[in-house]
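Taking it in order: structure first as C-alpha cells, then the write-up.
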Number of protein chains: 2
Amino acid sequence: MDRRASSPSSGEALLFLTDEQLRQGIEAMFFAYRGFTADPDRILADMAYGRAHHRAIHFIGRAPNTTVNNLLNILGVTKQSLNRVLRTLIADGLVESKVGRMDKRERHLNLTQAGRTLEQTLSDAQRARMRAAFREAGPDAVSGFRTVLEAMMDGEMRATYGRLKDTTS
Amino acid sequence: MDRRASSPSSGEALLFLTDEQLRQGIEAMFFAYRGFTADPDRILADMAYGRAHHRAIHFIGRAPNTTVNNLLNILGVTKQSLNRVLRTLIADGLVESKVGRMDKRERHLNLTQAGRTLEQTLSDAQRARMRAAFREAGPDAVSGFRTVLEAMMDGEMRATYGRLKDTTS
DNA sequence: GTTGGAGTGTCAACAACACTGACATAAACT
DNA sequence: AGTTTATGTCAGTGTTGTTGACACTCCAAC
C-alpha cells in the first residue's frame, strides 16, 4: 500500500499529501466538528430544540426576509424537513412568516425579538469557542483554515457560502 | 453591537477576530463538513448503511483489535447506539468480534477482508476530496487548517485525536 | 377567461440514529 | 461471597432526515 500521495505533480516530496496526513485531516475534521457543535447543542438540549432549529435560526438571522425556498437551498434539506422545524419556531414565536407582497406563494421569514435573543445566545457560545481557537492558532493558521475549508466545499455550497459572505463583508 | 473582538490583548487590529470573521468561520465549517461527508454518504446510501456505520468501520480499521469500550470513547455515543450498528456489521461479515485472551469480558474488534474492502472504498472517496482541497490550498494552509481544528476540539477529544495520530505517526 | 403546468408551502407516514432506563451475563477484583 | 467492570439486549422516546400526496398561487398559452 503506497503511503505517498498518488501521482505527485513534480519530483517534490509533497509530504503534506501522504495518505497518513490525509487521514489525520479527516479525523481532525471529525473531532473538531464535534467540538464545534457541542456548545449550542448543550444549550438547545434544555429546550425542545435541536441542531436543525439552530441552523434555521442562524440563517434566517443572517439573511433576513428570505423565502422558504432560499433557506432550503442554503440548508440542503427537503422542504418537508425544514417545514417541521419552521412550524415549531413560528408556533413558539421565534420566527415570523409573512406572505409575499409580490408573489403570494412565497413566505418571507424573519426573526422576532425573542428569536434574535436566542440566536445571540447560541451564536455567542459558538463564537466564543471559535474565537479561542482562532486566537490560539494565530492569523496565518486562520487564513489557511479558511482556504482549506473553502476548497473542501462542493461547488454549489461554495457559491452559497460566497454569496452570504459578501452580503456583510 | 460591537463588531470588533472583545478585549484584544494589545492595541493591534486583530482583524481575524472580528465577529464577522468568526461568523464566516462558523459558516465555512458548516458548509465544508457537508462536503466532507457527501462522498461516503452517497456510497453508503446504496447499501443499507449510514454514517454511523462508516464511523465505526473507520475507527475499527484505524485501531485494530480495539475493544468495544475504547471504540465507545472515540465515537462519543452510547453503547446501545453503537451496539445496533456493530450488530449489523458483524452479521454482515464486515467486522469480527473475538473474546479477549487476557480479559475474557472484553471483545476485540477487527475488520474482515470484506470490511477492509469497504473501508478502503469509503476512505478513498473521502481522501480524494481532502487531497484535492489540500493540494489546492497548499502546505502552509494545510498546516493552519490542522492547527485551528485541533484548537477547536474539546480537551478529551484532543487527547483521543493525539493518541490516534501517534500510533501511526 | 380558462386551463394546464410550474412554483411554493403543508400535512402525514416512515426510517435512521441518537438518547435514557432497566436488566442479564460473565469475568475479574477484593 | 460480594462488588465492580465489560458487554449485550429490550423497550421506549426524540430529533431529523426521507417520500408521497395535496392545496394554493402565478403565469403563459390557447
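All values derive from a computational prediction rather than experimental measurement. The sequence lines fix the lettering, A, B, ..., with proteins before strands; numbering per chain opens at 1.
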If you assign B:Val85 and B:Gln80 each to the DNA chain C nucleotide with the nearest heavy atom, which residue ends up on the more 5' nucleotide?
B:Val85

From the set [options], return the single nucleotide nearest to any side-chain atom of [X].
X        : options               : result
B:Thr78  : C:dA28, C:dG9, C:dT20 : C:dT20
A:Arg105 : C:dG7, C:dA18, C:dA27 : C:dG7
B:Thr67  : C:dA28, C:dG9, D:dT7  : D:dT7

Need one value for A:Arg87: base, sugar-phosphate or nothing, where a base atom within 4.0 Å counts as base even if backbone is also close, heavy atoms only.
sugar-phosphate

Considering every strand and a 4.0 Å limit on heavy-atom distances, what is the contact class for B:His108: base, sugar-phosphate, or nothing?
nothing

B:His58 and B:Ser123 side chains, donor-acceptor separation under 3.5 Å
no

Does A:Gly100 or A:Val77 map to a spot on DNA chain D nearer the 5' end, using the closest nucleotide for each?
A:Val77

Taking for A:Arg55 and for B:Val68 the nucleotide of DNA chain D with the nearest heavy atom, the one nearer the 5' end belongs to B:Val68

To the nearest Å, give me how far apart [atom1] ([X]) and [atom2] ([N]) are.
X        : N      : atom1 : atom2 : result
B:Asp103 : C:dT25 : CG    : P     : 19 Å
A:Leu82  : D:dT15 : CG    : P     : 16 Å
A:Asn69  : D:dT25 : CG    : P     : 17 Å
A:Leu109 : C:dT8  : CG    : C1'   : 12 Å
B:Met102 : D:dT7  : CE    : P     : 16 Å
A:Asn83  : D:dG20 : CG    : P     : 18 Å
B:Ile90  : D:dT7  : CD1   : C1'   : 11 Å
B:Leu72  : D:dT5  : CG    : P     : 16 Å

Angle class for the A:Phe59/B:Phe31 ring planes (parallel below 30°, perpendicular above 60°, tilted otherwise)?
tilted

Considering just the side-chain nitrogens and oxygens of A:His53, establish if one lies under 4.0 Å of OP1 or OP2 belonging to D:dT16.
yes

Under 3.5 Å donor-acceptor pair, [X] side-chain atoms to [N] base atoms:
X        : N      : result
B:Arg84  : C:dA18 : yes
B:Lys79  : D:dT7  : yes
B:Arg107 : D:dT7  : no

Criterion salt bridge (Lys or Arg N to Asp or Glu O under 4.0 Å) on A:Arg62 and A:Glu119, from CA distance to verdict:
CA-CA 10 Å; A:Arg62 186 78 155 101; A:Glu119 197 280 329; over 6 Å; no

Checking B:Arg129 side chain against A:Met152 main chain: does a donor-acceptor pair fall under 3.5 Å?
yes

Output yes when B:Asp154 and A:Arg34 qualify as a salt bridge under the 4.0 Å nitrogen-oxygen rule, no when they do not.
no

